[in-house]
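Have a look at the structure below, then the notes.
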Protein chains: 2
Amino acid sequence: MPGPPWWYGKFQNAGHRVTLPRQIILGILSRTSKHLSAEEIYLSVHRTYPAVGLTTIYRTLQLLVHLGIVFKFDFGDGRSRYELTASQKQKHHHHLICRRCGRVIDYTDFIEEEREVFNKVEKILSQKYNFKINNHQVHFYGLCDKCQ
Amino acid sequence: MPGPPWWYGKFQNAGHRVTLPRQIILGILSRTSKHLSAEEIYLSVHRTYPAVGLTTIYRTLQLLVHLGIVFKFDFGDGRSRYELTASQKQKHHHHLICRRCGRVIDYTDFIEEEREVFNKVEKILSQKYNFKINNHQVHFYGLCDKCQ
DNA sequence: TTTCTTATTGCAAATGGTTTTCATTATCAT
DNA sequence: ATGATAATGAAAACCATTTGCAATAAGAAA
């Protein structure tokens, strides 16, 4: 798949430079289907590019979230976790979180049906509260099979 | 409304003591409709009971979350916020969060489809992933009227 | 290609919410 | 009333994340 990646334009428009660390980080995010933390990304980057510092990871993630390229999640384990908003590896999904062991399951079941409802709800909420809604997240909390 | 409060049994069953700080904290949570942070609760407690320390607030909240009496939320402002899971003041609701100013709006006026989908999805997910689901949270992210 | 402006980076130090340690206090079963 | 021990408060420790600043590099202009 040649040509510039899909996020390229978002950088240009906002006047941000396409630097090596940023490309590497985006590469990692686009190749995983996990919810990586800043440190995990740092370690992954560090294997091939030891010169990149943890600070850059944090600053880049902050930028990516701001540009709407990445979602930031809190699953309750004391650190933020990040996912691309769009990629081959990441279809739109919601989360099932175990309160005991912290396991997170992505599910896409009924996502279409959910999406229809959410579209409708978003439209209603946008009007009622005069809110410009960009995205949503759904978390179900409970106990996984091993922890019951 | 006389008699012991609804959470009393949960304490007893788990062998936890009903102490003054715990009663005060639960009192505050049951009288508010806001999403209070640990520090806000501390300050509120402190006005009438200056002897209660911040540490106790944290430990109590941790216990309450564990007992399922309180929900812990992360709205992205760098601190956790807490709400009773059940009370006169708190009906089940979802959140609308402004990415810019951090304002959080609760909404409870669900449309029928919304309820149906959640009931259905919850049931199916429980079976498919053998998860015992206790609750869910829904966050819509966007820009509020003032921040657009 | 070379130059120049300035956004970006790395390191170290600072921040700040939350947790831990430990001696003291208070709950509640006996 | 008493005793076992859960709970508490104060201070210190933790640790994910942010900030200050001098050095570096992206990308527009020449």
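Here is the naming used below: chain letters follow the sequence lines, and residue numbers restart at 1 for every chain. These numbers come from the heavy atoms of this one structure, side chains and all, not from hydrogens, waters or symmetry mates.
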Can you tell me if [X] touches the phosphate of [N], counting only side-chain N or O atoms and a distance under 4.0 Å to OP1 or OP2?
X	N	answer
T55(A)	dT18(D)	no
H16(B)	dA7(D)	yes
S37(A)	dA16(D)	no

Whole Å only: how far is the [atom1] atom of [X] from the [atom2] atom of [N]?
X	N	atom1	atom2	answer
R81(B)	dG17(C)	CZ	P	11 Å
Y42(B)	dT18(C)	OH	P	15 Å
Y49(A)	dG10(C)	OH	C1'	17 Å
Y8(B)	dT27(C)	OH	P	12 Å
F11(B)	dT27(C)	CZ	P	14 Å
E40(A)	dA16(D)	CD	C1'	13 Å
L54(B)	dG9(D)	CG	P	10 Å

Review point. Should the pair F73(A) and H139(A) be assigned to parallel (<30°), tilted (30 to 60°) or perpendicular (>60°) ring geometry?
Key: tilted
Practice item. Assign the ring pair F140(B) / Y107(B) to parallel, tilted or perpendicular, where the plane angle (0 to 90°) is split at 30° and 60°. Key: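 It falls in the tilted class, 30° to 60°.
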Review point. Does a distance-only test, which skips hydrogens and angles, find a donor-acceptor pair under 3.5 Å between the side chain of R17(B) and the base of dA6(D)?
Key: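 Such a pair exists between side chain and base.
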Point to revise | Criterion side-chain hydrogen bond (donor to acceptor under 3.5 Å, both in side chains) on H136(B) and H94(A), from CA distance to verdict | key: CA-CA 11 Å; H136(B) 65 257; H94(A) 292 159; over 6 Å; no
Exercise for review: Please say whether more than 12 non-hydrogen atoms of neighbouring residues, nucleotides or ligands are located less than 6.0 Å from CD in Q148(A).
Suggested key: yes
Practice item. Scan residues 56-78 of chain B against DNA chain C and write down, sorted by residue number, each residue with any heavy atom closer than 4.0 Å; if none is found, say none. Key: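 Close to the strand are Y58(B), R59(B), Q62(B), G78(B).
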Practice item. Please work out which residues in residues 20-28 of chain A have a non-hydrogen atom less than 4.0 Å from an atom of DNA chain C and list them by number. Key: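 Within this stretch, P21(A), R22(A) sit under 4.0 Å of the strand.
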Exercise for review: State whether the side chain of T56(A) and the backbone N or O of V52(A) hold a donor-acceptor pair below 3.5 Å, judged by distance alone.
Suggested key: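 Side chain of T56(A) to backbone of V52(A): no pair is present.
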Check your understanding: Quick check: does any side chain N or O of S37(B) sit under 3.5 Å from a backbone N or O of E40(B), one acting as donor and the other as acceptor?
Key ->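 Looks like yes, one N/O pair under 3.5 Å.
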Exercise for review: Name the closest nucleotide to the T19(A) side chain, picking from dC28(C), dA26(D), dG9(D).
Suggested key: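 Nearest to the side chain of T19(A) among the choices is dA26(D).
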Review point. Shortest non-hydrogen contact from F75(B) to I97(B)?
Key: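 So the two residues come closest at CD2-CD1, 3.5 Å.
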Review point. N135(B) and H92(B): side-chain donor and acceptor closer than 3.5 Å?
Key: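 Side-chain D/A pair, N135(B) to H92(B): absent.
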Check your understanding: Will you find, in the side chains of Y129(B) and D109(A), an N or O donor that is under 3.5 Å from an N or O acceptor?
Key ->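 There is such a pair between these side chains.
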